[in-house]
Protein chains: 2
Amino acid sequence: MLGNSPDFPARLRAAGLRPTKQRVALARVLFEAGHRHVTAESLHAEVKATRMPVSLATVYNALNQFRDAGLLREVVVAPGRSYFDTNTGHHHHFYVEPDGELHDFPSEKVTIAGLPTPPKGTRLARVDVIVRVRR
Amino acid sequence: MLGNSPDFPARLRAAGLRPTKQRVALARVLFEAGHRHVTAESLHAEVKATRMPVSLATVYNALNQFRDAGLLREVVVAPGRSYFDTNTGHHHHFYVEPDGELHDFPSEKVTIAGLPTPPKGTRLARVDVIVRVRR
DNA sequence: AAGCAGATTAGAACTGTTCTAAAAGCTGCA
DNA sequence: TGCAGCTTTTAGAACAGTTCTAATCTGCTT
């Protein structure tokens, strides 16, 4: 994937964010490998395991900033827990109900027809499709 | 709509729930008028306004029980807040982003094609479509 | 009417997230 | 390179929404 250069400081700067040690460490964990789904807690645990000390508050700050900058997408599947998805492209989700696992699936083959027009005075922001499955 | 009889005690019993004063009062507020979207807080405020004292804990208990009994459906649209929908039929939602308004739309005309098969060892539970719009 | 399982309650506890104020760090400019 | 100034980080407090606890009460069966 080109355009996904591993120069994290540059990518952060391009997003209007100062490349601090913590943000670079978080970006590395998030974007170095393939697409990821994380929660604040899981990301905090991961980045601490790399021996870079980062507080939980910073993880929350960074996740919100990365999302606002378009680097991440927030996925709401269950009450009281936010997931962040490093895949910001057009796609949908499987959610495995009891265990909280989340999987992407590409939207290329999915077509949704017959959606009504948005209520007056609003414009469409996004269509989320969540396929809930159980074991 | 037949089968939507206003005999709330009977409906609760049919769902396997004792028709206590509080549950009947909550059912009345929820099911007497047309379809509703409520949160625990909003329902609590409404039922208290009917001069029937009900604690917030009971509202939470009842909402969870009603949902488990199939009387309500839980809709997850935003992190940290659960909406409950008295419309348990097949339909989808508009979510107006900044203000948290939720509107039903019927799924009759909506067709979704090309969904992948569920991951191995899982069965489909439900497909949620949330159309997010902004002012 | 009595007994009992189930329901309600107030308040404490818990979970996930945001806020606060102080310390530290990045950046631009001399 | 050194410094000023603004941004970021941090630990911990605060907060919001939800669940739990243990005592009390209520609807149901007998």
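Keep in mind that what you see is a predicted model, and the values were worked out from it rather than measured. By convention in this document, chain letters (A, B, ...) are assigned in the order of the sequence lines, proteins followed by strands, and residues within each chain are numbered from 1.
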Q: Ignoring the backbone of A:Arg23, work out which of D:dT8, D:dT18, D:dA11 is nearest its side chain.
A: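 Nearest to the side-chain atoms of A:Arg23, counting from C-beta on, is D:dT8.
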Q: When you measure from the side-chain N and O atoms of B:Ser82 to the phosphate of D:dG17, is any distance below 4.0 Å, counting only OP1 and OP2?
A: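 No, outside the criterion.
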Q: Can you check whether A:Gln22 has a side-chain N or O nearer than 4.0 Å to OP1 or OP2 of D:dT10?
A: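 For A:Gln22, the contact criterion (side-chain N or O under 4.0 Å from OP1 or OP2 of D:dT10) is met.
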Q: Do the side chain of A:His44 and the main chain of A:Val54 share a donor and acceptor less than 3.5 angstrom apart?
A: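 The answer is yes, because a donor-acceptor pair under 3.5 Å joins these two groups.
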Q: State whether B:Lys21 places a side-chain N or O below 4.0 Å from either non-bridging phosphate oxygen (OP1 or OP2) of C:dT8.
A: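 So the side chain of B:Lys21 is outside the cut-off, no N or O lying under 4.0 Å from OP1 or OP2 of C:dT8.
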Q: From the set C:dA7, C:dT18, D:dT10, return the single nucleotide nearest to any side-chain atom of A:Asn61.
A: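 The closest nucleotide is D:dT10.
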Q: Within the 3.5 Å criterion, strictly below it, is a donor on B:Asp104 or B:His93 matched to an acceptor on the partner's side chain?
A: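 Per modelled atom types, B:Asp104 and B:His93 side chains form a pair under 3.5 Å.
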Q: So, does B:Arg13 get its side chain near the phosphate of D:dC28, meaning an N or O under 4.0 Å from OP1 or OP2?
A: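 It does, given that an N or O in the side chain of B:Arg13 lies less than 4.0 Å from OP1 or OP2 of D:dC28.
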Q: Can you measure A:Leu17 atom CG to C:dC26 atom P for me and round it to whole angstrom units?
A: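 So the CG-P distance, A:Leu17 to C:dC26, works out to 15 Å.
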Q: I need the CD-P distance between A:Glu41 and C:dT18, as an integer number of Å.
A: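 Rounded to whole Å, this separation is 12 Å.
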Q: Base, sugar-phosphate alone, or nothing: which one does B:Thr39 contact when heavy atoms must sit under 4.0 Å apart?
A: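 Nothing, no nucleic acid heavy atom in range.
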Q: From the list C:dG6, D:dT10, C:dT9, which nucleotide is the closest neighbour of the side chain of A:Ala57?
A: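 Within the option list, the nearest is D:dT10.
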Q: Has the side chain of A:Tyr83 got a donor or acceptor atom that lies under 3.5 Å from a matching backbone atom of A:Gly100?
A: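 Yes, the answer is positive, given that a donor and an acceptor are paired below the 3.5 Å cut-off.
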Q: Identify the residue among A:Arg73, A:His35, A:His37 that makes a side-chain hydrogen bond (donor to acceptor under 3.5 Å, both in side chains) with A:Asp85.
A: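 Filter result, single survivor: A:His37.
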Q: In whole Å, I'd like the distance from the NE2 atom of B:His44 to the P atom of D:dG17.
A: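 These atoms are roughly 14 Å apart.
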Q: D:dT10 P sits how many Å from A:Leu26 CG, rounded?
A: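 Whole-Å distance recorded here is 9 Å.
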Q: Atom CG of B:Leu63 to atom P of D:dG17: distance rounded to whole Å?
A: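 Atom CG in B:Leu63 sits about 14 Å away from atom P in D:dG17.
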Q: Would you indicate, yes or no, if C:dG6 has its OP1 or OP2 atom less than 4.0 angstrom from a side-chain nitrogen or oxygen of B:Arg18?
A: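 Answer no for this pair, as no side-chain N or O of B:Arg18 is under 4.0 Å from OP1 or OP2.
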Q: Check every strand shown and say whether A:Pro9 touches a base, only sugar-phosphate, or nothing at a heavy-atom separation below 4.0 Å.
A: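 Nothing, no nucleic acid heavy atom in range.
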Q: Starting at atom CG of B:Asn64, determine the distance to atom C1' of C:dT8, rounded to an integer number of angstrom.
A: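 Whole-Å distance recorded here is 15 Å.
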Q: Nearest whole Å is fine: how far is D:dA14 C1' from A:Leu56 CG?
A: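 About 15 Å, once rounded to whole Å.
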Q: When we call it a touch if two heavy atoms are under 4.0 Å apart, what does A:Thr58 touch: a base, just sugar-phosphate, or nothing?
A: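 Contact class for A:Thr58: base.
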Q: Is the shortest distance from a Lys or Arg side-chain nitrogen in B:Glu97 or A:Arg126 to a carboxylate oxygen in the other one below 4.0 Å?
A: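 Result for this pair is no, no salt bridge flagged.
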Q: Short question: side chain of A:Arg132, backbone of A:Val77 - any donor-acceptor pair under 3.5 Å?
A: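 Side chain of A:Arg132 to backbone of A:Val77: a pair is present.
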Q: Nearest-nucleotide wise, let me know which of B:Thr20 and A:Gln65 is further upstream toward the 5' end of DNA chain D.
A: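 The answer here is A:Gln65.
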Q: Please figure out whether B:Ala62 or B:Pro79 has its closest DNA chain C nucleotide nearer the 5' end.
A: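 Whichever sits nearer the 5' end wins; that is B:Ala62.
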Q: May I have the distance from B:Lys48 (atom NZ) to C:dT8 (atom C1'), rounded to whole angstrom?
A: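 From B:Lys48 NZ to C:dT8 C1': 15 Å.
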Q: For C:dT17, take OP1 and OP2 only and decide whether either is under 4.0 Å from a side-chain N or O of A:Tyr60.
A: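 Result: yes.
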